Number of protein chains: 2
Amino acid sequence: MANRDLYGALPGPQGGDIGGLLAEVLADMPDAQLHGLQGIARLRDIPRGGVVVTEGGRPDEIGYLIHGALGMQKQLPDGRVHIIGLLVPTDMYGRLFDGPAAYDIVALTDARVLAFPRDAFERILVSSPEIERRFLVNVLDELDSAREWILLMGGHKIVERLASFLLILLRRMLRGGRHRVPGAPVTVRIPIRRVDLAHYLGTTPESVSRALHELEGQGLVRLRDAYEIEIADLPGLVRVSGADHLGAERAG
Amino acid sequence: MANRDLYGALPGPQGGDIGGLLAEVLADMPDAQLHGLQGIARLRDIPRGGVVVTEGGRPDEIGYLIHGALGMQKQLPDGRVHIIGLLVPTDMYGRLFDGPAAYDIVALTDARVLAFPRDAFERILVSSPEIERRFLVNVLDELDSAREWILLMGGHKIVERLASFLLILLRRMLRGGRHRVPGAPVTVRIPIRRVDLAHYLGTTPESVSRALHELEGQGLVRLRDAYEIEIADLPGLVRVSGADHLGAERAG
DNA sequence: AGATAACATTGACGGTGGTCAATGCCTGAC
DNA sequence: GTCAGGCATTGACCACCGTCAATGTTATCT
C-alpha cells in the first residue's frame, strides 16, 4: 500500500514557506520570537520507517511534526516492538536540557518535520521566558496525554481501548481546526497501519481487526475502508470506551 | 491492618523543621530561593483514603510528598477505579499555569506532604528562572516515568508487569540515597495494598497475588511478608520483565 | 486471650485475546 | 492483464486472567 494513502493530500503551504508553518505550529507567538526561530528552522522529509531519533543517542534536534505520523517506540529484547507515543501534526519531539533519548522515534508514515538544532533552540528558550513558559505548558500537556494513555491501556478489553483511541483521535481532529460540516457524517482517519496501531494499543493486528469489526457490528462505527472510520453512534462509542473522554473535552 | 505498617518508621526531622525538609526535597537549591519558599510552606498530614486534590477542581496547592504514598486515580463510570500514577516521597503533585485537575489525588497510606499555596508558588517560579528550569526538568522526568509506565502496561502478562514494577521500585530505592549494605539481601517494600497495586497494574488483587507467588516459585523473589520483597535473582527478574529496566539505569 | 475486621491468598470456571495458519484485497510492476 | 508483495481479515485452538467464592492471616479492640 502506498504511504500517501495514510494521510490526506498535503494541505497548506508547500516548499519553503517556513514562516507560514511556524505561525501555524506556534500560533499566537510574539512576532519577534517567531523571527528568531525562523532563522534556524529547517524542513525535513522522512520516508516511512525512517528513524528520526535513536534511543540512547543524544538527540541533536528539536522538531515539530508538520504532517504524517511519528511513533515513539521501544524495541524489546525478545523482538517485540512497543509504541508508547504517537505524534501527529503540531506535536513536538526531542528532549531539552537533558540526557540521551529513552526511545526511538520513527516515521510510521512518510512524514515532514520542522527541525531546529537542539542547542540553538535551547539558547532561544533560555533567552526568552515567554517561549520557555509556553514550552513548559507544552510539556505539561504531553504529560496529560501520557496519563490519558495510561488510563486507556488499563482498559482490559481491546474494544474498550480501541473505542478510547478513536475518541482521542476524534478529539484531536476537532481541536485541529478542521471543523466538521454539520450535515456530513463524522469520520476519523486512522493515520497508521494495523501493526503499528496494535503495538500502540498493546495487542496484535488480529485483535485490532476483530475489535474494529465488532464495533461495526454493534452499529457504532462504519468502516469506509481500513483507515477511514465513520462515527455512527458517538454516545455509544463513549459508553463502550468506559472512560468519559468527551467529559474531559467539555471541562477543558 | 494498621496504616503505619505500610511504610517504615518515620525518619528524619519531625514537627516544624520545614527548612530541613525543604533542603532534603529541593536539594542544592540556592539558599535565597529556599528562603523564599520556606516562608510559605506548610506541613499537612493526610490519613489513608484522604483526598488531596479533587478531579475537576482547580488545585489550590502545590505539594511535595514527604512520606507515605499518593495515587493519582480516576473513577470510571462503571465503578472501577484506575490508578494512573503513584507518588512516593520527593515526588511533586499539583498543576501550574493550568486548568482543573484531570484526576483525583488520594492518599494510599497515611501521608505527609509539604504544601505551597498555588499562586505563591507560581509567583516564585515566575520570578526565578532557576527554579523554573528546575521545575521544567522535574516535569520532563515525570513525563519519562509516565512513558515508562505505558511501556509497562503494554506487557501483556501480569508477571511481566509485576516484575517491571518491582524493578522500577528497586531503582527508585537505590537512587533515593539509601544505599544498600553489600552483604545484605536486597529488599524492596511495596508501599501500597494489593487492591491499589492491582488498580495500578490494570488488573485484580487476585492476579497480583498469583503473579507474586509465581515469581517466588521460580526463585526470583522471596516474600518476607506481603509487602517486603527480597530480590533473589535480579537478572532473572529483568529477563521476566521483558524490558531492560536496568539498562536504562546504566545509560542514565 | 478471644472476637472481629480488613486484607491476602487459593481454588474453580468461563471468557478474552494471543498465536498460528489460511484467505482475501488492493497496489504497483512488468 | 497478470503477477507478486504487502496488508487486512477470518478462523481454530488454547493459555491467561477476570470473576466469584472460600479460606488464611494479621492487627486491632475490648
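Labels below follow one simple rule: chain letters A, B, ... track the order of the sequence lines, proteins then strands, and each chain is numbered from 1. Predicted model, so just to flag it, every value in this text is computed and none were measured.
Annotation for Arg224(A): atom CZ does not count as buried by contact number, only 12 or fewer foreign heavy atoms lying within 6.0 Å.
Here the P atom of nucleotide dC7(D) and the CG atom of Leu108(A) are 12 Å apart, to the nearest Å. The distance from atom CZ of Arg210(A) to atom P of dG18(C) is 9 Å, rounded to the nearest whole Å.
Relative to the side chain of Arg193(A), the nucleotides dA8(D), dC16(D), dT9(C) differ in distance, and dA8(D) lies closest. The side chain of Glu206(A) sits closest to dG11(D) out of dA6(C), dG18(C), dG11(D).
OP1 and OP2 of dG17(C) both lie 4.0 Å or more from every side-chain N or O belonging to Ser207(A). Put simply, Thr204(A) has a side-chain N or O that comes within less than 4.0 Å of OP1 or OP2 on dG18(C). Taking side-chain N and O atoms only, Thr203(A) has a distance below 4.0 Å to OP1 or OP2 of dG18(C). For Tyr227(B) and dA8(C), the shortest distance from a side-chain N or O to OP1 or OP2 is below 4.0 Å. Contact annotation: His213(A) reaches the phosphate of dT9(D) (side-chain N/O to OP1 or OP2, under 4.0 Å). The phosphate of dG6(D) has neither OP1 nor OP2 within less than 4.0 Å of any side-chain N or O from Arg48(A).
Counting distance only, with no hydrogens placed and no angle test, the side-chain atoms of Arg194(A) and the base atoms of dG6(D) include no donor-acceptor pair under 3.5 Å. Residue-to-nucleotide contacts include no donor-acceptor pair under 3.5 Å from the side chain of Arg80(A) to the base of dT19(C).
Side-chain contact of Tyr93(B) with Glu61(B): a donor-acceptor pair under 3.5 Å is present, judged by distance alone.
Rounding to the nearest 0.5 angstrom, the gap separating the CG atom in Leu152(B) from the OG atom in Ser145(B) is 12.0 Å.
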